[in-house]
A.B. asks: 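Here you go, one structure.
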Amino acid sequence: MAELTTTKLNAESHLLLDQPLLRMPYELSRRNFKTAQRYLERERETLLASLQTAARESAKSSSPSTTLESLDTMLSRLQSLKRKLEALHAEEMKMHASSKARLNHLQDLYDVGSLVDVKYDEWSRTRLSRLLVDYLLRSGYSKSAAYLAAEKGIDELVDVEAFVQCHKIERSLREAHRTNEALVWCQEHKPSLKKVGSQLEFELRLQQYIELVRQGHESFEGGGGGGAGTGKLVEARVHAKKYLSGNGDMELMGKAAGLLAYRPWDEVEPYASLYAKSRWEHLAHLFLSTHHTLYSLPPRPLLHIALSAGLSALKTPSCHSAYTSSSANASSSTTTVCPICSTELNELARNVPYAHHTKSIVENDPVVLPNGRIYGRERLTSYNDKVGTEKGWVRDPVGGVNGDRWKEGEVKKVFIS
Amino acid sequence: MDDLKEHIDQLQSESNLSQSICDVQKAIDLLTTARAKVAADPQMAPVTLAKLQEPVRKSIEAANNDLKKVHKGLGAYGKALDRRFKDKPLPTAENDALSSHPQLINRAIAMHLLREGQFSVASTFIEEANAHPPQPEPTPATPNPYLQEAWEKDPANGTFDSHKLQQQFKDMYHILHELRQNRNLSPAIAWARERSDVLEARGSNLEFELCRLQFVCFFIGRDEDGMMTEDSADGPLRAWAYARSEFGPFQARYGREVQQLMGAMAYWENVDDSPYRRYFYNNSAWEEVATSFTREFCSLLGLSADSPLYIAATAGAIALPTLLKLQNIMKEKRTEWTTQNELPVEIPLPPSYHFHSIFVCPVSKEQSTDQNPPMMMPCGHVIAQESLDKLSKGARFKCPYCPGESHPGDAKKVFL
């Protein structure tokens with residue numbers, strides 16, 4: 001049988017929630033490096049080529065001004081390459097510093113001996129702040145997230161910047177119905193997207209096509225002459241040929257082609273759902289999930305994961321019971337309110353399973369009052385001492401000083417195994 | 001952890017872009033010199049340019065080659081990360097019951113921020129959350145989440161009034177600040193006095209504890225605001241005056257304690273060497289009073305003393321390894337767990353995480369619920385209702401734990 005309680009802290013398995021913490025800066029610095037590589041590669045080729053041309057040119061014609069000019073162009077290109085690399089270098093060092101800070105933060109856990117150590121408490125509070133910032137960022141509440149991170153001094157442990165970028169793109173899809181930002185992002189992440197076989201770019205191109213067709217149909221109807229409408233439809237066809245035809249999904253292609261014949265307001269399936277505004281929602285979702293997979297982020301906020309597990313571990317059948325629990329309630333100072341019963345989490349915990357127990361957990365020396373309430377004898381006595389119950393009598397802490405009182409003899413021992 | 005740190009050190013000190021930047025700078029220098037030469041001596045331009053080719057090519061190639069080291073460094077770090085987290089998959093979205101209630105999560109977060117005293121973060125958050133309400137997502141338990149679940153709506157307590165709550169917690173922090181930083185008891189005493197009936201009914205001795213501490217303060221020579229007075233010999237006199245005016249109502253319930261304090265008056269010159277020393281030089285007294293104040297304050301609001309969000313998230317992190325193991329086993333055996341409303345495994349938590357008493361029926365091994373409550377037989381043994389029904393079948397029966405016989409009608413429902 002499993003042990004009922006534990007104070008042992010196994011740092012190794014305790015870090016389950018913390019993998020994304022290290023993954024994110026790693027992925028970011030990898031991307032940073034790739035960008036540097038691309039810049040350097042491109043500049044190297046142009047530079048060497050133009051240097052050769054310059055040498056050839058100057059050998060042929062002896063005009064020094066053209067030579068100087070081409071040297072100047074090369075210089076300015078190199079200068080700009082250097083500036084770009086320096087910016088990337090600064091970014092890279094920032095990433096490494098934050099990785100280092102995160103490693104140190106995790107290392108701190110290894111130095112904590114047990115779950116009841118004050119140091120664990122402190123560490124866990126920092127973790128909660130991290131989880132909260134992560135949740136806020138994912139919900140798009142970036143101002144609050146940055147604020148909280150700054151207040152708690154955990155800027156290096158959270159990825160505000162990356163999420164802000166991500167949400168800018170997501171909002172441009174969801175709210176502004178624009179594909180440009182997302183397409184730029186796709187371009188930047190092309191190799192990785194290809195590796196995971198992402199459909200994001202295709203879906204974006206398809207949306208562009210749908211919008212062109214929509215505009216085409218609308219300008220036919222708008223009475224602006226057929227010319228503009230036809231123009232749009234032709235543009236749509238060219239767009240489809242260029243970006244969509246390589247996909248290979250013939251059924252989808254058929255549907256897409258059908259759009260040319262059906263207008264947005266025709267309400268004929270499957271075309272209506274292609275024209276639907278909800279496709280933008282779908283694109284926003286697809287972008288988010290693609291982004292999260294690419295950066296090794298879990299699909300749901302870590303706070304959800306921690307909370308679901310925590311709510312279940314703490315929940316008891318008493319937490320949503322119609323009867324006041326004798327052992328944890330707000331009505332006397334001898335008990336504390338259970339976190340699941342507290343307003344913050346009570347509703348949230350309604351749908352999660354409660355914890356499994358194989359053994360009763362009760363206070364020492366339990367006694368029962370005539371009204372059926374069970375207390376540990378010590379707690380009952382201490383409560384009655386504190387409220388100043390008359391000698392020889394007993395009151396129920398839940399009933400309070402104005403509730404019933406009984407003779408001490410009526411308090412009976414109860415056996416709970 | 002150490003191997004990862006080594007890799008990061010390596011990346012920070014060597015395997016980064018700085019070398020490439022140096023090499024690009026070299027190329028720039030070469031070109032600048034060449035340009036000066038061409039400008040000074042146009043006739044020699046072809047020669048200068050021809051001579052330039054090789055060094056520039058070299059330095060730019062070098063810049064490119066330097067990247068290899070960075071690539072290797074990053075690769076090594078990535079591999080080390082993979083190794084570290086090899087058998088620790090990213091937590092999945094399975095068993096997520098929360099995505100359908102983002103409003104409730106938001107409320108829990110807002111309340112958490114308020115009770116932590118992060119008032120400005122909380123108001124920024126409430127503003128942002130109101131401007132962009134979250135989108136509930138369906139979960140297995142709630143396939144059709146409530147779309148119009150209003151942010152302020154609180155099914156349990158009417159409405160979640162963030163302003164009122166904020167004011168309340170502001171008061172709490174003000175009082176705590178005065179207590180801890182300024183050693184000023186007046187706001188706390190005023191608060192407790194206003195609620196002295198409620199506190200008394202709860203069996204809380206907070207008011208007396210506060211007044212006793214005030215007495216001690218006077219005694220050792222502080223004034224009402226917690227400042228040290230110049231003439232500390234006045235202290236006991238002031239304390240005496242305070243006791244006469246304030247301790248009257250406490251006489252009935254705290255007679256003994258008051259007597260002890262009065263007894264200390266006799267030692268006013270050398271209380272340090274007296275048996276009463278522990279009342280007067282107890283540094284933890286302030287922290288104890290502050291803790292008990294926080295507890296009472298939150299309890300009167302119907303809230304738990306420590307942030308539920310903190311406790312739940314911590315318990316979650318402790319529970320996660322066990323739950324993950326369970327998930328793996330279930331996947332392997334292709335079983336599903338049948339009782340959806342109870343976890344299939346026991347999760348060991350530190351004792352401070354047990355709040356309610358738990359009753360597990362010794363006969364059926366099931367936890368008691370509202371539908372299946374614990375029943376006490378006249379002999380004092382307790383079993384669950386369903387077990388009782390099965391054992392007795394409505395007629396007299398013997399207790400499974402002692403020779404006592406009883407009628408099922410004599411069994412009494414008990415509350416733990």
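Every chain is numbered from 1 and lettered A, B, ... according to where its sequence line falls, protein lines coming before strand lines.
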A.B. asks: Report the option among Leu323(B), Leu4(B), Leu300(B), Asp2(B) that has the most heavy-atom pairs separated by less than 4.5 Å from atoms of chain A.
C.D. replies: Leu4(B)
A.B. asks: Working note: Lys82(A) + Gln25(B), criterion side chain to side chain contact (heavy atoms under 4.5 Å, CB included); need CA distance, chi angles, decisive distance, verdict.
C.D. replies: CA-CA 7 Å; Lys82(A) 192 185 155 210; Gln25(B) 184 58 47; 2.6 Å; yes
A.B. asks: Considering only heavy atoms and a distance below 4.5 Å, find which of Val38(B), Leu309(B), Val56(B) pairs most often with chain A.
C.D. replies: Leu309(B)
A.B. asks: Who wins among Lys365(B), Glu116(B), Gln118(B) for the most heavy-atom pairs under 4.5 Å with chain A?
C.D. replies: Gln118(B)
A.B. asks: Ala97(A) versus chain B, heavy atoms under 4.5 Å apart: side chain, backbone, both or neither?
C.D. replies: both
A.B. asks: Can you classify the ring geometry of Tyr323(A) versus Phe415(B) as parallel (below 30°), tilted (30 to 60°) or perpendicular (above 60°)?
C.D. replies: tilted
A.B. asks: Check Leu74(B) against Ser29(A) and note the closest heavy-atom contact, atom names and distance.
C.D. replies: CD2-OG, 3.8 Å
A.B. asks: Using atom types as modelled and distance alone, determine if a side-chain donor or acceptor of Asp370(B) lies under 3.5 Å from a backbone N or O of Ala322(A).
C.D. replies: yes
A.B. asks: What residues, two or more places apart in sequence or in another chain, satisfy ring-ring contact (aromatic ring centres under 6.0 Å, His included) together with Tyr26(A)?
C.D. replies: Tyr77(B)
A.B. asks: If we define contacts as heavy-atom pairs under 4.5 Å, which of Arg295(B), Met377(B), Glu296(B) has the most with chain A?
C.D. replies: Arg295(B)
A.B. asks: When only pairs under 4.5 Å are counted, which of Ala55(A), Ser124(A), Ser99(A) shares the most heavy-atom pairs with chain B?
C.D. replies: Ser124(A)
A.B. asks: Is a donor on one side and an acceptor on the other found under 3.5 Å between the side chain of Thr369(B) and the backbone of Pro317(A)?
C.D. replies: no
